[in-house]
Peer 1: 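Provided herewith is a single structure, encoded as C-alpha cells, for subsequent inquiry.
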Number of protein chains: 2
Amino acid sequence: MSEHAPAPGRVDRESRLAHGDHEALRLWLRLLTCSSLVEASVRSQLRRDFNCTLPRFDLMSQLERHPEGLRMGELSRRMMVTGGNVTGIADQLVKEGLVTREAPPDDRRAFVVKLTPAGRKAFLRMAGAHEAWVARLFAGLPAVERRQLHALLAKLKDSVTASARSEAA
Amino acid sequence: MSEHAPAPGRVDRESRLAHGDHEALRLWLRLLTCSSLVEASVRSQLRRDFNCTLPRFDLMSQLERHPEGLRMGELSRRMMVTGGNVTGIADQLVKEGLVTREAPPDDRRAFVVKLTPAGRKAFLRMAGAHEAWVARLFAGLPAVERRQLHALLAKLKDSVTASARSEAA
DNA sequence: CCGCGATGCTTCAGGGTTAATATATTCACC
DNA sequence: GGTGAATATATTAACCCTGAAGCATCGCGG
C-alpha cells in the first residue's frame, strides 16, 4: 500500500502493488497514474467545453508555435506518434477548416500543414482554458516542489531516452 | 528549450514550449513525455517478445495479485479505464484461454474474472522481463532521486485527485 | 410484494494508435 | 544521367478507449 494514506474508498492502478515489489516498478506505476489522471481530466474538459480531442488540440498547439507551418513528419516527431496517425488527425482538421495542407515547392513528397485563421482563433480560445485547468490540477503542489519535480523528470527523461535508444535485450 | 541540453537532433513534445510559457504547463508536458517514453518502450518490447499488449498485461497483472478473482467493475477501477473497455479485453483473454469469467452465486449481474493456470504461467513469464525493462529504463536515476521522485509524485497525485474531484468550472 | 432508483455489465459509434505495407520522390554515387 | 538506398507520406488491419445507451438484476421503502 501507499505510505501516503489514500482516501478510504480509493482504488486505482497502484493499489495492486504489495510492499515486496521492486521500487522501480512502483515508481513507474505512480508516474503512469499521475499522467493518466491529468490526461483524463484534460481530455474530458476539452470534450465537454470545446468538443475537441487531445490529439487535435496537440496538433494545433504545435502549429500555433510555428506560423510557417510544419511538415507531417515534423508533427509526427513532436507529437510523439507515428506518421500514419498524424495523417488521420490532420485529415479531420482539414475537413473542419482548421488547418491547411500545402505542397511545398522544394519537395513534392512532403506536405506543409498550417493553421487557418479560424483554426488559430479556435486554438487560442481553447489554450487559455487548457492552461487554467492544468494550473489548477497542479496547484496542490507548492512551487518549490513543482520545480524539484520538473528537474527530476528531466533526469528521468534522459535515463529513459538513453536506455530506450539501446533497446535490444 | 530545456535547460538540460537535449541531444542535437532530438525533438519531442516539449520542444514546442518557449520559455515564456507557464511552468505548470511545462511540468505537465514533461510528465507526459516521460510517461509516453516509458510506455512506448514497454509496449514495443511486450509486443516483440511476447506478442502481448499493455492492457492485456495490465489486466492479468491485477488478477495475479487477486487469486480469488476480480469483478469486471473492480478491474475497471484498478486499470483506470471504462467498463466497456474491460469487457473487450477480457473477451480476448477468455478466447485465448488465459482467464475465466465465472458467475458468482450471490449476484447474477456480476462476473468474476480469474487467471487460468495457463494465464498465470504466461503472466509470470512476462512479469519477470517487464520488471527488468522498467528497472533498466529508470537505472540512470540514482536511488535517492528515485525516492524523491516517488514522494513528489505522491503529492502530485493527491493534488490532481483533489482538483479533479471538484471538476465543474 | 411491488415499484423504482441504483448497480453491473454489455453494446455500439466514433476516435486514437501502432506496425506493416505501399507509393512517390529525393539524393548520393557512379 | 541512371540506379538504388533513403525519405515523406498514405493506407490498412487490429487493437485500445471513451461516452452514451440499453438490459438485467439488486435492494429498499412503502
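Below, chain A is the first sequence line, B the second, and so on; all start at residue 1.
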Peer 1: Mind jotting down which residue pairs meet the ring-ring contact (aromatic ring centres under 6.0 Å, His included) criterion with at least one end in residues 97-119 of chain B? Sequence neighbours excluded, please.
Peer 2: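 Not a single pair qualifies under ring-ring contact (aromatic ring centres under 6.0 Å, His included).
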Peer 1: List in chain and number order the residues that pass side-chain hydrogen bond (donor to acceptor under 3.5 Å, both in side chains) with A:Arg101, two or more places apart in sequence or in another chain; answer none if no residue qualifies.
Peer 2: A:Asp91
Peer 1: Walk along DNA chain D from 5' to 3' and tell me the first and last nucleotide with an atom closer than 4.0 Å to a non-hydrogen atom of chain A.
Peer 2: D:dT7 to D:dG19
Peer 1: Can you name the nearest heavy-atom pair linking A:Ser76 to A:Val86, along with the distance?
Peer 2: CA-CG2, 3.6 Å
Peer 1: Less than 3.5 Å apart, any donor N or O on the side chain of A:Glu131 or B:His22 sitting next to an acceptor on the other?
Peer 2: yes
Peer 1: What is the per-nucleotide protein-contact pattern of nucleotides 3-16 of chain C, from the 5' end, where B denotes a base atom under 4.0 Å from a protein heavy atom, S denotes such proximity for sugar-phosphate atoms only, and - denotes neither?
Peer 2: ----BSSBB----S
Peer 1: With A:Pro104, which residues qualify under side-chain contact (heavy atoms from CB on, under 4.5 Å), at least two apart?
Peer 2: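 Only A:Asp106, A:Ala110, A:Val112 meet the side-chain contact (heavy atoms from CB on, under 4.5 Å) criterion with A:Pro104.
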Peer 1: Flag the pair B:Arg71 and B:Asp107 as a salt bridge only when some basic side-chain nitrogen lies within less than 4.0 angstrom of an acidic carboxylate oxygen.
Peer 2: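 Yes, this pair counts.
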Peer 1: Identify, with sequence neighbours excluded, every residue that meets salt bridge (Lys or Arg N to Asp or Glu O under 4.0 Å) alongside B:Arg147.
Peer 2: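 Listed in chain order: nothing, the list is empty.
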